[in-house]
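All values below come from the heavy atoms of this structure, side chains included, with hydrogens, waters and symmetry mates left out. Throughout, residue positions are numbered sequentially from 1 according to the sequence presented.
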Amino acid sequence: MQPFLDALSANAGSIALAGLLVGILAFLLAWRASRRAGAAAKVGPPALGLVEDPALDRILSAQMGRLDGLTNELQALASRTRGVEAQGRRAIQSIGLVRFNPFEDTGSNQSFAVALLDADANGVILSSLHSRQSTRMYLKAISGGRCEAALSSEEEQALQEARSGVTA
């Protein structure tokens with residue numbers, strides 16, 4: 001063991017010099033990495049600072065801007081779609097039609113009852129009674145698939161057709 005310690009003490013200056021050189025090299029590498037990190041942080045808002053290529057950085061920034069724009073458009077379309085869906089529920093969704101001959105003195109089925117309902121079964125029943133002397137029309141409100149006024153059998157049949165979605 002003594003010969004090893006003698007050789008070590010004889011080369012102590014060389015070993016210390018080598019250690020000093022390694023320490024200086026490590027310091028220089030750390031300093032360079034620190035400067036690059038500081039330069040990347042100074043790139044700022046328009047550029048992302050994620051890559052060293054300025055052209056690629058501009059492309060990425062432009063794509064991020066387009067993505068933000070598309071997100072805003074999607075939110076606007078979702079809002080408009082909700083409005084259109086709400087209006088669509090109030091539009092006529094189903095129709096029931098019954099033609100009939102209420103009087104023996106007329107030649108064919110000139111009279112009718114038509115039920116017009118929205119998605120919530122709200123709407124109207126329009127009835128027309130045709131005779132040789134006159135034509136009379138009646139309108140009855142429907143709410144939730146029901147009518148407060150009495151319905152004729154033809155009006156009831158038209159309402160049933162409209163509720164089942166069958167169009168005559």
Side-chain angles (χ1 to χ4, degrees), residues 1-98 112-127 139-149 151 155-168:
M1 182 77 157
Q2 188 61 33
F4 175 72
L5 292 176
D6 290 339
L8 187 61
S9 62
N11 293 323
S14 299
I15 293 173
L17 184 60
L20 179 64
L21 289 176
V22 169
I24 290 172
L25 182 62
F27 174 76
L28 289 174
L29 289 174
W31 179 70
R32 184 174 177 204
S34 173
R35 286 191 49 151
R36 281 191 176 185
K42 290 180 184 178
V43 171
L48 296 175
L50 299 175
V51 293
E52 291 186 24
D53 184 1
L56 184 56
D57 202 41
R58 282 192 303 272
I59 291 170
L60 288 173
S61 294
Q63 291 299 344
M64 290 297 289
R66 287 183 63 210
L67 186 60
D68 289 341
L70 289 173
T71 300
N72 293 339
E73 281 185 50
L74 183 61
Q75 289 172 345
L77 285 174
S79 176
R80 288 179 57 197
T81 300
R82 283 189 294 276
V84 168
E85 287 175 348
Q87 286 178 338
R89 290 195 59 78
R90 293 187 305 266
I92 294 173
Q93 301 283 322
S94 58
I95 300 171
L97 174 66
V98 176
F112 65 88
V114 63
L116 308 169
L117 301 178
D118 67 5
D120 298 320
N122 299 320
V124 296
I125 294 181
L126 176 66
S127 300
L139 185 69
K140 298 177 182 176
I142 304 297
S143 180
R146 302 193 189 286
C147 182
E148 289 184 14
L151 297 177
E155 290 169 332
E156 188 66 47
Q157 184 181 350
L159 182 60
Q160 288 296 74
E161 284 183 11
R163 277 195 276 190
S164 66
V166 177
T167 308

Quiz item: Given Ile142 and Val124, is the side chain to side chain contact (heavy atoms under 4.5 Å, CB included) satisfied, shown in steps?
Solution: CA-CA 5 Å; Ile142 304 297; Val124 296; 5.6 Å; no

Practice problem: Kindly say whether Glu155 contributes a backbone atom to a donor-acceptor pair with the side chain of Gln160 at under 3.5 angstrom? | Solution: no

Practice problem: Could you tell me whether a side-chain N or O of Ser164 sits under 3.5 Å from a main-chain N or O of Glu161, the two making a donor and an acceptor? | Solution: yes

Quiz item: Which atom names give the shortest non-hydrogen contact between Ala113 and Ala158, and what distance separates them?
Solution: O-CB, 3.6 Å

Self-check item: Minimal non-hydrogen separation, Cys147 against Lys140, with atom names
Solution: SG-CB, 3.9 Å

Practice problem: Could you tell me whether the side chain of Leu117 reaches within less than 4.5 Å of the side chain of Asn122, counting heavy atoms only? | Solution: no

Self-check item: Side-chain donor or acceptor of Asp118 paired with backbone N/O of Ile92 under 3.5 Å
Solution: no

Exercise. Please tell me if the side chains of Arg82 and Ser79 come closer than 4.5 Å, counting only heavy atoms from C-beta onward.
Key: yes

Quiz item: Once you round to the nearest 0.5 Å, how far does CG of Leu126 lie from CG of Leu139?
Solution: 6.0 Å

Quiz item: Do Val114 and Ile95 have side chains that get closer than 4.5 Å, going by heavy atoms?
Solution: yes

Exercise. Output the distance between atom CD (Gln63) and atom CZ (Arg58), rounded to the nearest 0.5 Å.
Key: 14.0 Å

Self-check item: Ion pair Arg89/Asp120, N-O distance below 4.0 Å
Solution: yes

Quiz prompt | Interatomic distance, Leu67 atom CG to Leu60 atom CG [nearest 0.5 angstrom] | solution = 12.0 Å

Exercise. May I ask you to decide if Leu77's main-chain N or O and Thr81's side chain share a donor-acceptor pair within less than 3.5 Å?
Key: yes

Quiz item: Is there a side-chain contact between Leu97 and Phe112 (heavy atoms, below 4.5 Å)?
Solution: yes

Quiz item: How many angstroms lie between atom CG of Leu56 and atom OG of Ser61, to the nearest 0.5 angstrom?
Solution: 9.5 Å

Quiz item: So does Arg163 pair up with Glu156, basic N to acidic O under 4.0 Å?
Solution: yes

